[in-house]
Structure formats: C-alpha cells, structure tokens
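A short write-up of the structure that comes next.
What you see below is based on every heavy atom in this structure, not just the backbone, and it leaves out hydrogens, waters and symmetry mates. Worth saying up front: this structure is predicted, and the values here are computed from it rather than measured.
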Amino acid sequence: MGHNRCRGFRVGSSIRGKHRGRAGPGSRKHRRGLRPQPRFPPLPPTSGGVFLPHAMSEPGATSRLRLSALCFLLQTFTILLFAAFVRFSPEGSPGLCSQPLNCSRRSQDWGSQPPRFWDVHLQTLLGFGFLVAFLSRYGAGSVAISILVVAFAIQWALLLQGFLHQFRNGKIHMGAQSVARAAFGAAAALISIGAVLGRVNPVQTLLLTLLGVTLFTLNEYTLLSLLGVSDSGGSITVHTFGAYFGLLVSRLLHQPHGAQWEEQQDGGHQQDGGHHPDGFAAVGTISLWIFWPGFTSSTTAHGSAEPWAVLNTYLSMAVSTMATFVLSPVLYEQSTLRMAQIQDATMAGAAVMGMAGEMLLTPFGALIAGFLAGLIPPLGFRFLTPFLRSRLKIQDTRGVHNVHGLPGVLGSLLGTLLAALATADAYGGRLEPVFPLLARGSRTRSGQALLQLSALLLSLLGAALGGCLTGAVLRVKALRSAPAKRYLQGTEVDEGRKEPGTSTLV
C-alpha cells in the first residue's frame with residue numbers, strides 16, 4: 001500500500017484490479033481521487049507536519065520557500081527602519097493629521113478616545129476579512145490572507161506616513177492616531193486584493209500590498225496635505241483608489257482561458273453548497289454595522305463635527321440595506337436575498353459617506369445618498385460586471401467596482417456638491433474643523449469644490465498608472481505559480497478536507 005501511495009495513488013482510492021465496482025479506473029470519482037503525491041514515504045507520526053529536508057522537493061516547495069523568504073526580508077527591513085527612525089510621541093505632542101494645517105484643531109488625546117482605535121482595527125480585521133470569506137472557494141484562507149496583509153500593511157504605512165507627516169529632528173514620532181490612520185492604508189490594500197482574489201499567490205499578494213500602500217500614501221498625502229481636500233472617511237483615498245488600483249492590476253493579470261474565474265449569475269458571487277459562506281458574510285455584515293461608523297469618523301475633526309460622520313454613516317448604511325431589498329428581487333429570480341448581497345449594500349452605504357459624512361448633510365440627505373448607493377451593487381453585478389469581464393477583460397473576483405469603486409465616486413461627487421454649498425451661516429462654528437481654509441477666507445467655496453472634484457480625477461489617474469505598473473511587476477514569470485485555488489482554499493473542494501502536508505497559504 002505504501003508503494004502504491006508513492007506511485008501517485010491515495011490510500012483508500014481504487015487500485016488497478018481492486019474495488020472496481022466502487023470507483024474503477026477511468027471513472028470520474030477515480031480521476032478526482034488521483035492526485036500527485038511526493039515520491040517519498042509518508043512522514044512519520046512524530047514529525048507533526050514540520051517541513052523535513054526531503055519535503056523541499058515536493059510540488060509547491062519553491063512557493064513556500066519564496067513566501068517565507070519574502071516575509072523574512074520585509075519584516076527584517078521594517079524592523080531596521082523602525083529601530084533607526086521611529087519613536088513614540090512625547091505626551092501631548094500632535095499625532096498624525098491628514099491636513100497639517102488642521103493639527104491645532106484635532107484632539108490627539110489617546111486616553112479620551114480608545115474606542116476609535118478599536119473600531120478601526122476590528123473593522124479592518126473582521127469587516128474586511130469576512131468581506132471576501134463568503135466566496136465558496138476562498139473561505140477561511142481569505143481571512144488568513146487578510147490578516148497577513150494587515151500585519152504588514154500597517155507597519156509599512158506607519159513608516160511611509162511617518163516620513164511624510166511626522167518626521168521631525170530625524171525621527172518619526174508615532175502615536176495611537178498614527179496607527180489608526182495606517183489602518184486606512186491596510187483597508188485600501190485589502191480592497192485592491194479583492195479584485196484579484198484567487199488569481200495571485202501569497203508572494204504576489206505581499207508585493208501588491210507593498211506597492212499599493214506606497215502609492216496610497218503618496219496619493220493621500222498629495223490630496224489631503226498639499227491640496228487641502230476634505231476626505232476624512234476615504235471615499236476617494238480608500239474606496240475609489242483601492243478599487244480602481246485593484247481593477248487595473250486585475251486587467252494586467254487577465255487570464256482569458258483561466259479556469260479559476262467562475263461566476264454564477266446570482267449577483268456576481270460564487271455559491272456554495274453549505275452554510276459557511278453565508279455565515280462568514282453575516283459576521284462581516286455585523287462588523288460593518290458595529291464598527292464602520294467609528295472607522296469612518298476616526299480621522300474626522302474631533303469634537304463638534306464628529307457626530308455628523310457617525311450618524312450620517314449609520315443612516316446611509318440603513319437605507320442602503322433597504323434599497324437592495326427593493327431592487328434585487330426585481331433583478332433576480334431568487335425569493336430571498338443572500339447574506340452576501342446585504343453585505344454589499346451595507347458596504348456601499350458606508351463608502352458613500354466617506355467624504356460627505358462630516359460635512360453638513362441633513363438626515364434626509366444621508367438617506368437619499370445611502371439609497372442611491374444601495375442600488376449600485378445589484379445593478380452593477382447584473383449589468384456592469386459581465387461588461388467588464390467580456391469587453392474590458394477585467395476579472396473582478398470580489399466585485400470591488402460595485403461595492404467600493406462606484407459608491408466611492410458617488411460619495412466624492414456628493415462631497416464636491418456640499419463643498420460648493422458650504423457657508424459660515426449654515427455651518428456656524430463647525431466650518432473651521434471641516435474646511436479650515438474656507439473658514440479663514442483663503443479659499444472660496446467654488447475653489448474648494450473644484451479641488452474636491454480634481455482630487456477624484458487625480459486619484460483615478462494615480463490608481464490607473466499605479467495599477468498598470470503593479471500588474472506588470474506581478475506578471476513577471478518568476479512570481480507566477482500554480483492555480484489560485486491551492487493558495488486560498490482552506491479545504492479541498494472535492495474531498496471536503498485539507499490535503500495532508502498542504503497549507504492554506506502556500
């Protein structure tokens with residue numbers, strides 16, 4: 001039996017001349033059961049799955065070693081940079097401000113704002129991780145990849161944002177607000193990865209994170225600090241940039257005959273025979289409802305303007321959920337909405353409030369914006385996703401164009417309109433926290449609105465150029481590997497269990 005296993009047969013599968021009635025040679029079940037096995041005897045029970053020297057010759061060993069080496073190099077490099085430059089901020093010193101001119105108006109007292117820190121990171125880990133976990137082929141593995149991305153992206157964003165915002169006397173002075181802001185870079189990277197999920201291996205994912213966070217930080221610095229654009233919740237910098245950056249990477253990685261791309265006509269999501277995907281989607285949706293309003297308001301002007309961002313976001317999420325119950329039954333024949341569709345609507349309602357949330361938006365205005373955002377995912381999955389796939393050759397695994405990209409663009413246009421209507425009479429004392437240059441008279445309302453609109457165009461341009469560059473890097477032959485399902489599946493599709501000796505990540 002051991003000899004047959006080494007020749008490529010699984011223990012328990014049929015062997016020539018035996019068990020022919022159960023699964024004979026040539027049968028479909030038999031072909032699925034035949035999987036190439038290493039040409040070595042099974043590992044002894046005492047090995048505990050630890051990689052042994054002879055395992056280096058197994059299929060995929062090169063990918064495992066490549067991932068291990070890249071993680072080691074990146075972590076060593078960041079540790080050295082932290083040792084050389086990063087120090088904790090002295091008590092009472094300003095932390096990271098998205099607009100340096102506004103540092104004086106933004107309270108950075110960590111002791112009075114612990115919920116902000118937890119909202120940001122719980123949302124990044126739970127919300128974004130489970131946003132992709134419902135996909136039947138990429139369940140638990142996608143959560144593991146999300147945690148890997150967050151672990152590296154936050155460190156890298158802390159360094160890049162520190163050099164741009166907090167570099168004084170040769171050192172980066174880091175505070176709790178710095179870590180919260182770095183999570184926005186991780187969120188943008190996770191959105192981008194959703195577009196290429198299943199078609200990149202972990203090594204490519206880490207490189208995409210490295211380049212994506214770098215470009216995100218440069219784009220954010222240009223828009224918020226140099227141009228003075230108001231986008232505290234990230235409609236432009238997080239959702240729009242992250243989505244279209246990922247879509248352009250996906251276009252460069254297009255595989256016309258790839259078997260990995262499988263899409264059901266159910267709103268763009270892959271279905272699963274069990275209940276685990278809907279369970280993952282439920283966890284992600286609940287995380288959005290609990291933590292996203294705090295996530296959106298984590299970098300707003302602390303004080304009087306903060307409740308606007310929280311309440312506007314919450315109202316928008318509520319009505320966007322209602323909107324998908326209005327439209328989805330009309331577009332699809334299914335009698336009950338899947339949890340993933342509700343998750344998409346909730347996310348779209350949150351994305352549209354990224355820019356406009358802290359502006360003077362009345363409650364009914366937030367409801368109108370959220371309703372329009374809630375219509376985008378069902379319409380997008382029904383009409384736009386097939387167009388992107390067939391005409392533009394863009395394979396959008398997660399549907400980030402419908403869930404993040406278009407709602408982010410809508411939120412940017414709404415923010416532009418509100419900037420054009422901003423007056424001291426309407427805002428009262430809250431104009432200074434939201435539009436400081438406008439309050440001081442150094443910028444007109446039309447000028448501020450024009451910059452808000454220009455920020456959208458610049459972000460789209462930067463995402464397109466950066467996505468093309470990143471996609472070209474990831475296409476390098478040395479970075480390619482086996483089909484994607486081996487990297488993100490936590491279980492084997494056919495057998496319902498993990499293959500001995502394989503990893504979810506490699």
Side-chain angles (χ1 to χ4, degrees), residues 66-89 93-98 108 110 114 116-129 142-168 170-194 200-221 224-225 234 237-238 241-242 245-246 291 295 298-299 466 470 473-474 505-506:
R66 191 181 300 153
L67 174 63
S68 177
L70 181 60
C71 289
F72 178 78
L73 290 175
L74 290 177
Q75 189 59 74
T76 301
F77 182 59
T78 54
I79 288 175
L80 293 175
L81 289 177
F82 267 78
F85 297 105
V86 179
R87 300 293 184 270
F88 286 123
S89 297
S93 66
L96 175 61
C97 297
S98 60
Q108 304 295 338
W110 161 243
R116 293 176 177 274
F117 187 87
W118 303 122
D119 284 353
V120 168
H121 287 280
L122 285 172
Q123 176 55 45
T124 304
L125 292 169
L126 286 178
F128 279 101
S142 63
V143 182
I145 289 291
S146 298
I147 295 174
L148 173 65
V149 169
V150 170
F152 172 69
I154 287 182
Q155 297 178 65
W156 189 237
L158 276 171
L159 287 168
L160 296 180
Q161 293 175 344
F163 281 119
L164 292 175
H165 296 282
Q166 302 159 282
F167 194 69
R168 299 184 298 275
K171 299 296 179 183
I172 296 172
H173 297 278
M174 186 191 79
Q177 188 73 3
S178 308
V179 183
R181 189 73 208 187
F184 278 67
L190 290 170
I191 292 172
S192 301
I193 290 168
V200 291
N201 58 46
V203 171
Q204 292 172 310
T205 300
L206 274 179
L207 291 177
L208 188 154
T209 303
L210 176 69
L211 296 173
V213 171
T214 302
L215 294 170
F216 162 83
T217 304
L218 293 175
N219 180 65
E220 181 190 53
Y221 178 74
L224 304 187
S225 297
T237 55
V238 177
F241 181 86
F245 175 79
F291 301 116
F295 179 87
S298 62
T299 57
T470 304
V473 171
L474 299 186
L505 293 179
V506 293

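- Here the closest non-hydrogen pair linking Ala183 and Ile154 is CA-CG1, 4.3 Å.
- For the pair Leu160 and Thr214, the tightest heavy-atom approach, listed with the atom from each and the gap, is CD1-CA, 3.5 Å.
- Residue Asn201 comes nearest to Gln204 through the heavy atom pair OD1-N, 2.8 Å, listed as atom of the first residue, atom of the second, then distance.
- For Phe88, the side-chain contact (heavy atoms from CB on, under 4.5 Å) test picks out Met174, with sequence neighbours left out.
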Quiz prompt | Stepwise side-chain contact (heavy atoms from CB on, under 4.5 Å) check, Leu164 with Thr217 | solution = CA-CA 9 Å; Leu164 292 175; Thr217 304; 3.7 Å; yes
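- For the atom pair CG of Asn219 and CZ of Phe216, the computed distance is 8.0 Å after rounding to the nearest 0.5 Å.
- The two atoms that bring Thr209 and Ala153 nearest to each other are CG2-CB, 3.8 Å, heavy atoms only.
- Taking CD1 of Ile193 as the start and OG1 of Thr205 as the end, the distance is 5.5 Å to the nearest 0.5 Å.
- Two residues are said to be in side-chain contact when any heavy atoms from C-beta on lie closer than 4.5 Å; Leu207 and Leu70 meet this criterion.
- Contact annotation: the side chain of Leu67 approaches that of Leu206 to within less than 4.5 Å [non-hydrogen atoms, C-beta and beyond].
- Between His165 and Ser225 there is a side-chain heavy-atom pair separated by less than 4.5 Å.
- Residues that satisfy the side-chain contact (heavy atoms from CB on, under 4.5 Å) test with Leu215, not counting sequence neighbours, are Phe241, Phe245, Thr470.
- Residue Phe167 qualifies as enclosed at atom CZ: its count of foreign heavy atoms under 6.0 Å is above 12.
- Considering only residues two or more places apart in sequence or on other chains, Thr78 meets the side-chain contact (heavy atoms from CB on, under 4.5 Å) condition with Gln75, Phe152, Gln155, Trp156, Leu159.
- Between Ser192 and Gly242, the closest heavy-atom pair is OG-O, 2.7 Å.
- Checked against ring pair (Phe, Tyr, Trp, His ring centres under 6.0 Å), Phe85 has the following partners two or more places apart in sequence or in another chain: Phe163.
- Here the CG-CG distance, from Leu158 to Leu81, works out to 12.0 Å after rounding to the nearest 0.5 Å.
- Across every non-hydrogen atom of Ser178 and Gln166, the tightest pair is OG-NE2, 2.7 Å.
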